[in-house]
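In listed order, ligands and their atoms are each counted from 1. The basis for the numbers below is simple: all heavy atoms, side chains too, and nothing from hydrogens, waters or symmetry mates. A quick note: this is a predicted structure, and the numbers were derived from the prediction, not measured.
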Amino acid sequence: MRVDVVTIFPDYLAPLQLSLLGRAQRLGLLDLHVHDLRGWTEDRHRTVDDTPAGGGAGMVMLPEPWGLALDAVHRGEGAGGPVGAAPTAEPGSDAGDGAAVELAAAPDEPADGRPLLLVPSPSGRRLDQAMAHELAREPRLVVACGRYEGIDERVLLDAAQRYRVVPFSLGDYVLNGGEVAALALVEAVGRLLPGVVGNPASLLEESHEQGLLEHPVYTRPPRWRGLDVPDVLLSGHHGQVARWRRDEGLRRTARRRPDLLEALAAADPGALDRADLAVLAEEGWVPGGRRPAAPSGD
Ligand code: ADE
């Protein structure tokens, strides 16, 4: 997968050189290019922002540098010319007729050869594990990191002629800019690429993969500061271990994220069997019904 990130703070993305994603790049599994937006400014001060039309607080990112940047990155270029292998030819690109275009609500609209342009924004679609899986199937992602009050809306409307534009949010809180969201996105997607995580089976057991939170985990020693590893985990009974893990995942989900249980039950009524429902009832959760009064702090 090729990923291009455009930002005014390229150093923010430096941690992507570390650990698994650094290794993925060295192995050629992830082809990451980070671009400084100021490379596409044309004035002496390398200006990227101006006051908002209509007045108000803060600054808005200018359309000119963003337009040039997204045009160049679409062609596989950086501010100084081509970078990395040329991206594959994209039919249907550069429509260029100036027609009003809508932004894509989700990455799964028909691909028609346009690469995805992901725009971090507190008003975007919430990034979740299902979306990370969708994105991991794409050959190419471009991430446009805004700062200040955001990017002039015309940049995204114009870009939609060449890209499938998807604003996305990390959660219902406001960050100073899109860089932290870009880091999270590239890590969440990058670790799903084939060969990046050593044991792919481990990916399936994680929180959010089955619509539930993951069970607690333990390692050696069996007793630490008076706290024991649960006996069942040392029993060698694989069936009992699996049931205990399922039950603990269910309990944790009921206490911390009952919304996930509601969503799971609504999406697939067969996803929770009788044994599951019995465990959940002990936690005060019944489908479509009462939820636990208060988080237990577990
Ligand atoms: N930029 C500012 N806040 C954000 C958020 N919550 N998610 C993604 N990008 C953002």
Side-chain angles (χ1 to χ4, degrees), residues 1 3-16 21 30 32-38 40-41 47-63 65-67 69-70 73 102-109 115-136 138 140-160 163-192 206-208 213 256-257 259-260 263:
M1 169 185 279
V3 180
D4 290 85
V5 181
V6 184
T7 167
I8 57 167
F9 293 120
D11 291 349
Y12 238 115
L13 283 301
L16 294 175
L21 291 194
L30 173 66
L32 175 70
H33 302 271
V34 180
H35 309 272
D36 185 347
L37 177 71
R38 292 189 200 276
W40 285 281
T41 55
T47 310
V48 292
D49 61 340
D50 206 336
T51 53
M59 299 292 271
V60 174
M61 296 193 98
L62 288 164
W66 272 113
L70 295 178
V73 167
E102 277 303 313
L103 307 187
D108 51 7
E109 80 166 32
L116 272 180
L117 175 63
L118 294 148
V119 186
S121 162
S123 52
R125 167 184 170 184
R126 178 93 63 92
L127 176 65
D128 61 13
Q129 192 65 12
M131 182 170 167
H133 277 284
E134 288 169 39
L135 298 179
E138 296 281 332
R140 181 151 198 240
L141 304 177
V142 177
V143 188
C145 298
R147 282 257 143 192
Y148 318 117
E149 298 304 309
I151 304 172
D152 186 307
E153 187 71 7
R154 292 168 294 175
V155 172
L156 309 189
L157 295 171
D158 173 68
Y163 293 95
R164 285 170 292 147
V165 181
V166 178
F168 78 96
S169 171
L170 281 195
D172 295 340
Y173 45 82
V174 179
L175 303 167
N176 287 334
E179 287 74 12
V180 168
L183 278 174
L185 176 110
V186 175
E187 179 149 329
V189 173
R191 66 195 298 282
L192 298 177
E206 287 164 333
S207 288
H208 304 293
L213 301 184
R256 297 181 182 175
R257 293 290 307 276
D259 59 303
L260 294 180

Subject >> Polar side chain donor-acceptor pair, His208 to Asp128, under 3.5 angstrom >> reply: no
Original post:
Can you check whether Asp49's main-chain N or O pairs, donor with acceptor, with Thr47's side chain at less than 3.5 Å?
Top reply: no
Original post:
Should Glu134 and Arg125 count as an ion pair when the cut-off is N to O under 4.0 Å?
Top reply: yes
Subject >> Rounded distance [0.5 Å steps], SG in Cys145 versus CD1 in Ile8 >> reply: 10.0 Å
Original post:
Applying a heavy-atom distance cut-off of 4.0 Å, which protein residues contact ligand 1?
Top reply: Pro120, Ser121, Pro122, Phe168, Ser169, Leu170, Gly171, Tyr173, Val174, Leu175, Gly177, Ala181
Subject >> Whether over 12 other heavy atoms sit under 6.0 Å from Gln129 CD >> reply: yes
Subject >> For Asp152, side-chain contact (heavy atoms from CB on, under 4.5 Å) partners two or more places apart >> reply: Val60, Pro63, Arg154, Val155
